[in-house]
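See structure below.
Proteins come first, then strands; the chains are lettered A, B, ... in the order of their sequence lines, and each starts at number 1. All values below were derived from every heavy atom in this structure, side-chain atoms included, with hydrogens, water molecules and symmetry-related copies excluded.
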Protein chains: 2
Amino acid sequence: MIPFQAPTEEMNFLLRQVFDAAAVWQGLPAIAELLDLDTATAILEEGAKFCAEQIQPLNQPGDTQGVSFNGLSVKTPDGYAAVFRQYAEGGWVGLCGEPEYGGMGMPKMLGVLLDEMGYSASNAFTLYAALTAGAALCIHAHGSEALKALYLPKLYSGEWAGAMDMTEPQSGSDLRTIATRAVPQSDGSYRISGSKMFITGGDHDLTSNVIHLVLAKIQGSDGISLFLVPKFKVTADGEIGDANGVTVGAVEHKMGLKGSATCVMNYDDAEGYLIGRANRGLVCMFTMMNYERLSIGIQGLGSAQMAYQLSASYAKERLQGLAAGGSPTGAKADPIIVHGDVRRMLLNIRALTDAGRALAVMTGMQLDKAKYAADSEEQQQATRFAALLTPVAKAFLSDRGFDACVTAQQVFGGHGYIGETGIEQLVRDARIAQIYEGTNGIQAIDFLGRKLVGDNLATVTEFFSWLQQQQSCDEVFASQKQQLQQLQQRFVDVIAAVNQQKHDQPALINAVAVDALDAFGYLLYGHFWLMMADKSLKAAAQLPVAFVQRKQQLMQYYFAKLLPRVSLHLDVVTAGDETIMQLSADDF
Amino acid sequence: MIPFQAPTEEMNFLLRQVFDAAAVWQGLPAIAELLDLDTATAILEEGAKFCAEQIQPLNQPGDTQGVSFNGLSVKTPDGYAAVFRQYAEGGWVGLCGEPEYGGMGMPKMLGVLLDEMGYSASNAFTLYAALTAGAALCIHAHGSEALKALYLPKLYSGEWAGAMDMTEPQSGSDLRTIATRAVPQSDGSYRISGSKMFITGGDHDLTSNVIHLVLAKIQGSDGISLFLVPKFKVTADGEIGDANGVTVGAVEHKMGLKGSATCVMNYDDAEGYLIGRANRGLVCMFTMMNYERLSIGIQGLGSAQMAYQLSASYAKERLQGLAAGGSPTGAKADPIIVHGDVRRMLLNIRALTDAGRALAVMTGMQLDKAKYAADSEEQQQATRFAALLTPVAKAFLSDRGFDACVTAQQVFGGHGYIGETGIEQLVRDARIAQIYEGTNGIQAIDFLGRKLVGDNLATVTEFFSWLQQQQSCDEVFASQKQQLQQLQQRFVDVIAAVNQQKHDQPALINAVAVDALDAFGYLLYGHFWLMMADKSLKAAAQLPVAFVQRKQQLMQYYFAKLLPRVSLHLDVVTAGDETIMQLSADDF
């Protein structure tokens with residue numbers, strides 16, 4: 001397997017030229033005092049090095065060995081614990097955490113790029129850190145001062161890890177029916193009893209404590225509340241205390257992500273502490289969920305990037321057949337990169353991955369503005385845009401990520417189906433990103449039902465105008481710009497029609513949501529390609545000639561070969577829900 | 001896991017109503033004397049029973065246990081050998097084999113349906129039989145009388161198994177560079193030396209002998225020849241003799257299909273017997289390959305059918321959320337089949353699988369006519385149509401099959417990612433069908449380059465006319481018929497343009513082939529849905545009311561939601577190869 005090379009040139013291009021991070025950060029005082037572009041570049045380089053040298057070597061052995069469970073506790077694959085310690089000591093877990101509690105205070109706009117590298121190097125390993133950072137985010141947003149002071153420093157430092165405990169056998173996408181109970185105690189704490197399943201990182205040997213955020217119902221109430229339930233109780237001075245009635249019931253055997261522990265968790269009168277208000281647990285949990293949703297989208301993106309590197313490298317080495325029209329070198333067999341169909345596969349991956357990275361960075365940027373912007377109008381707008389983009393980032397990045405892995409596997413031919421090339425592991429690992437943290441169907445319903453028609457298209461219209469302002473495009477791109485505008489108008493018209501029909505056709509939103517999200521995703525990527533082509537041309541003096549040219553060529557490829565998918569998905573939305581709903585359940 | 005139920009109602013409908021097998025078989029004397037519709041139905045029922053009761057129970061344990069290799073020989077998972085013996089004794093391996101040598105002489109039009117059931121029940125198990133039947137086909141078509149007499153009866157009876165030994169490390173899609181050598185001996189035999197890889201069923205304990213069909217170059221020649229190389233030599237009276245210098249070098253660790261042995265094979269002066277003429281081995285091998293290609297398409301189809309059953313059953317049981325507009329039963333949670341997005345996923349699988357079965361049966365029918373038709377014009381036309389349809393059946397059925405498994409996995413949510421539901425195994429098993437027996441990219445290039453433009457669209461035009469004649473559609477389908485005709489005309493125009501451009505743009509065929517094949521596949525499925533809707537309506541008196549209604553509803557779904565894909569793929573073909581070929585290899 002080739003060593004992972006983080007695409008830092010692409011990352012710097014997005015930060016510097018496409019999204020003008022310098023200007024963005026200038027507008028966010030809390031960031032500006034910590035970070036400039038050169039520091040950002042240095043952080044990217046440092047992260048790239050750690051991912052390539054420390055994390056990636058764990059990935060394939062970790063898949064083969066998997067996690068093990070002895071009935072009491074979970075052991076991660078060899079090497080995970082030592083590298084996680086280094087990773088934590090390097091400050092990577094707390095990269096975007098609050099400086100007040102020991103975090104590094106970096107913007108998400110930068111954090112997404114480090115996340116991507118981590119997932120490229122190892123899906124399974126990186127997930128432990130992502131959950132920890134997400135748990136910290138939730139505790140910071142909703143926890144009491146006492147909880148923050150006690151738990152955040154240890155989470156940011158990676159001494160402890162976090163987990164999100166929501167699912168129960170009867171409650172997956174639908175959390176109304178959870179049965180885990182919380183009994184109030186006289187000291188203000190709660191006793192938690194019940195059982196959860198599919199708990200990623202529910203137990204492991206990477207850290208000395210695991211901090212569970214558990215959804216439960218307070219005795220006598222049907223509302224859902226959120227509790228912090230540590231594996232080991234924590235003393236008042238922040239040290240590990242007694243075991244807390246939190247045990248592992250089983251570890252799942254999964255298709256992939258075998259280095260990540262997916263646990264059944266049991267709580268037996270475990271001590272828990274309310275986070276946020278009683279019966280408002282879903283709101284609190286969604287703070288973590290939204291964070292994780294972006295992270296899981298980036299799992300797809302990182303997987304796609306690694307899949308691209310593996311398959312492009314293989315295509316340049318593997319000799320099979322001759323170029324159409326004869327070998328350019330007169331060789332007996334050419335590298336398969338000469339074949340149009342192999343190029344088509346690689347270009348599909350590349351064009352979608354580069355644009356996907358732009359989506360990740362832009363979503364990160366909106367989160368940063370929502371958190372740090374001094375101007376309240378800007379702050380509120382960014383909050384709306386982050387809410388609009390989060391389900392798209394989760395679903396579209398993870399769907400395209402899985403597609404990318406499968407396509408890359410196809411480039412390998414038969415060698416793609418055996419373990420040693422590493423690509424089949426990526427396919428297995430990336431698949432889960434379409435499912436967990438809310439299936440991509442759930443994301444699409446959130447996107448269409450709440451984010452698009454929930455406010456009668458107000459936010460999406462505002463977003464399209466804002467996007468327009470980012471694009472003071474060169475004349476050479478006039479035809480692409482016009483093409484996008486026409487497609488965008490059609491998107492708005494189609495969604496407006498859905499908005500009108502939704503009351504008479506209650507099943508409509510659910511039935512056409514996935515195609516609505518896909519149409520939006522491919523349209524948005526068209527904008528990103530236009531921006532990347534334009535900004536690279538404008539910055540041609542500072543960029544390598546080949547880089548600028550490639551951006552133009554990939555933009556042309558995207559518009560010729562992938563943008564047509566917008567119309568297909570809009571056609572499918574327009575076809576409505578009649579043919580979907582008319583069959584009786586028995587007819588399936 | 002739910003027990004597999006072969007879709008015999010659908011299968012009988014295709015034979016009886018859609019393709020009028022009774023009339024077809026009347027026109028093929030060799031078939032007519034062996035088979036009528038009632039016998040066919042009885043064979044389907046018998047096969048369905050065997051697949052459900054004997055084969056399916058092996059599938060999940062076989063995946064967990066996998067094949068094992070002790071350095072000398074391969075052991076299949078527990079139960080495989082005993083069930084294979086029963087399967088062979090039931091005559092299933094030789095179902096479509098030559099009666100002259102002990103085969104049952106059944107038409108492929110029926111055989112494809114039994115293949116589908118087998119793959120639904122277990123991809124890994126059924127593959128051993130498929131390769132054996134394919135090897136027999138090749139030996140029958142090209143082998144000497146002596147070879148036929150000695151080997152065919154034992155292959156048809158399933159006492160021995162077959163394998164196809166083509167790939168070498170440096171020779172996969174491109175066989176020009178194979179290095180395995182054959183040295184002529186004075187007795188007319190050859191000594192084979194070399195090594196092959198990715199040999200499915202290269203060794204196992206299901207049968208007492210494995211008959212390898214090996215591609216090699218005769219000493220002093222660069223042409224490729226085909227040899228029969230048995231694992232054990234066979235005495236003149238057909239008994240097992242000495243070992244033959246055929247050994248297993250290794251067994252691959254694969255993403256799936258773990259019950260199927262994928263071997264590195266070594267030949268050390270192994271005795272081999274020329275099949276067909278020297279230096280004409282590829283022609284002979286393609287007899288087997290074309291057979292296997294259809295079979296591998298059906299691996300995709302069978303996987304899709306099983307994926308549908310698993311996911312539809314789960315969707316009717318799993319309670320999550322409420323129907324849009326309120327629960328129809330007033331329950332606290334409804335089965336997820338009420339949700340539009342879940343229905344969309346199931347309908348995509350169902351609509352493509354039912355039409356896929358029609359493709360399999362129609363391709364089988366052409367093969368039967370090509371083999372048995374008394375009328376030579378009909379026979380030659382069928383040969384052309386079978387050649388046109390084979391790459392489509394291989395690629396489109398296996399691509400849609402994998403999609404179906406992934407979609408079905410999504411219906412399961414988190415439960416789809418863990419082993420126990422069985423769906424993740426299907427995803428892993430079905431993936432290989434897109435790769436082996438010629439990748440789907442290779443199929444597409446064959447389809448567009450040879451089958452469509454190779455004769456300036458003569459065959460495809462003839463095929464479309466023939467298809468038209470099959471459809472004396474009812475007036476109620478006028479709009480669908482018109483829609484298909486317009487799309488078909490556009491398909492012909494787009495491919496005709498490719499045909500014109502191909503000389504100036506040598507890379508064009510390779511670059512747009514996959515989209516051309518997909519456009520054809522979705523168009524063809526439109527025809528099949530029209531035929532199924534029409535024929536079910538015409539035969540409404542003999543069919544259950546719900547069956548006829550479902551066919552109308554699925555046809556409407558297909559036209560509304562899936563047929564639009566034809567235009568997308570044609571758009572992509574029309575966009576040509578410029579944006580694909582302009583990047584230099586270094587830019588990837």
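Most heavy-atom pairs under 4.5 Å with chain A: of the set P564(B), G416(B), S171(B), A507(B), this distinction falls to S171(B). In terms of heavy-atom pairs under 4.5 Å with chain A, the best-connected choice from G256(B), S173(B), A333(B), S567(B) is G256(B). Contacts with chain A were tallied for A315(B), A511(B), A546(B); A511(B) has the most, counting heavy-atom pairs under 4.5 Å. Counting heavy-atom pairs under 4.5 Å between each of V514(A), V572(A), L346(A), V338(A) and chain B puts V514(A) at the top. Here Q582(A) is the residue among R350(A), Q582(A), K254(A) with the most heavy-atom pairs under 4.5 Å with chain B. The most heavy-atom pairs under 4.5 Å with chain B, out of G576(A), S313(A), A513(A), S584(A), come from G576(A). Ranked by heavy-atom pairs shorter than 4.5 Å toward chain A, the options G419(B), G325(B), A560(B), G321(B) are led by G321(B). Chain B forms more heavy-atom pairs under 4.5 Å with one residue of D515(A), I432(A), V512(A) than with any other, namely I432(A). Contact count versus chain B (heavy atoms, under 4.5 Å) is highest, among Q309(A), Q505(A), Q549(A), K332(A), for K332(A). Your options are T439(A), L322(A), L319(A), V573(A), and the one with the most heavy-atom pairs under 4.5 Å with chain B is L322(A).
Rounded to the nearest 0.5 Å, atoms CD1 (I336(A)) and CG (D174(B)) are 11.0 Å apart. The distance from the NZ atom of K561(A) to the CD1 atom of I580(B) is 4.0 Å, given to the nearest 0.5 Å. Between atom CZ of residue R565(B) and atom CG of residue D571(A) there is a gap of 12.0 Å, rounded to the nearest 0.5 Å.
At a 4.5 Å heavy-atom cutoff, the contact between R318(A) and chain B is made by side-chain atoms alone. Looking at A323(A), there are no atoms closer than 4.5 Å to chain B (heavy atoms on both sides), in backbone or side chain. In this structure, the portion of I337(A) lying under 4.5 Å from any heavy atom of chain B is its side chain and not its backbone. Both the backbone and the side chain of H339(A) come within contact range of chain B, judged by heavy atoms closer than 4.5 Å. For L257(A), the parts lying near chain B are the backbone and the side chain together; criterion is any non-hydrogen pair under 4.5 Å. F198(A) touches chain B through its side chain: at least one heavy atom from C-beta onward sits under 4.5 Å away, while N, CA, C and O do not. With a 4.5 angstrom heavy-atom cutoff, F402(B) touches chain A only via side-chain atoms. The contact between R344(B) and chain A is made by backbone and side chain atoms together, counting heavy-atom distances below 4.5 Å. Heavy atoms closer than 4.5 Å to chain B are found in the side chain of Y308(A), but not in its backbone. If you measure heavy-atom distances from P328(A) to chain B, you find no contacts under 4.5 Å at all. For K316(B), the part lying under 4.5 angstrom from a heavy atom of chain A is the side chain only. The contact between I435(B) and chain A is made by backbone and side chain atoms together, counting heavy-atom distances below 4.5 Å. Contacts between V406(A) and chain B at a heavy-atom distance below 4.5 Å involve backbone atoms as well as side-chain atoms. For A585(A), the parts lying near chain B are the backbone and the side chain together; criterion is any non-hydrogen pair under 4.5 Å. Contacts between T177(A) and chain B at a heavy-atom distance below 4.5 Å involve the side chain alone, from C-beta outward. If you measure heavy-atom distances from M345(A) to chain B, you find no contacts under 4.5 Å at all.
In this structure a side-chain-to-backbone donor-acceptor pair under 3.5 Å is present from Q410(B) to Q434(A).
With no hydrogens or angles considered, no side-chain donor-acceptor pair links R176(B) and Q320(A) at under 3.5 Å.
The side-chain heavy atoms of H415(B) and M197(A), taken from C-beta on, include a pair separated by under 4.5 Å. For the pair Q553(B)/T579(A), no side-chain contact is recorded, criterion being any heavy-atom separation below 4.5 Å from C-beta on. R343(A) has its side chain within reach of F588(B): a pair of non-hydrogen atoms, C-beta onward, lies under 4.5 Å apart. Residues L583(B) and Y557(A) are not in side-chain contact: their nearest non-hydrogen atoms beyond the backbone lie 4.5 Å or more apart. Here the side chains of V427(A) and R431(B) are not in contact, with every heavy-atom distance at 4.5 Å or above.
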Show which side-chain atoms of residues 440-449 of chain A pair as donor or acceptor with protein atoms under 3.5 Å away, not counting sequence neighbours.
unit_1  : atom_1 : unit_2  : atom_2 : d
N440(A) : OD1    : K394(A) : NZ     : 2.8
N440(A) : ND2    : A395(A) : O      : 3.3
N440(A) : ND2    : S398(A) : OG     : 2.9
N440(A) : ND2    : D399(A) : OD1    : 2.6
Q443(A) : NE2    : E437(A) : O      : 3.0
Q443(A) : NE2    : G438(A) : O      : 3.0
D446(A) : OD1    : R450(A) : NH1    : 2.8
D446(A) : OD2    : K451(A) : NZ     : 3.0

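For Q170(A), the side chain to side chain donor-acceptor pair (under 3.5 Å) partners two or more places apart in sequence, or in a different chain, are E168(A).
Around atom CD of E420(B), no more than 12 heavy atoms belonging to other residues, nucleotides or ligands sit under 6.0 Å away.
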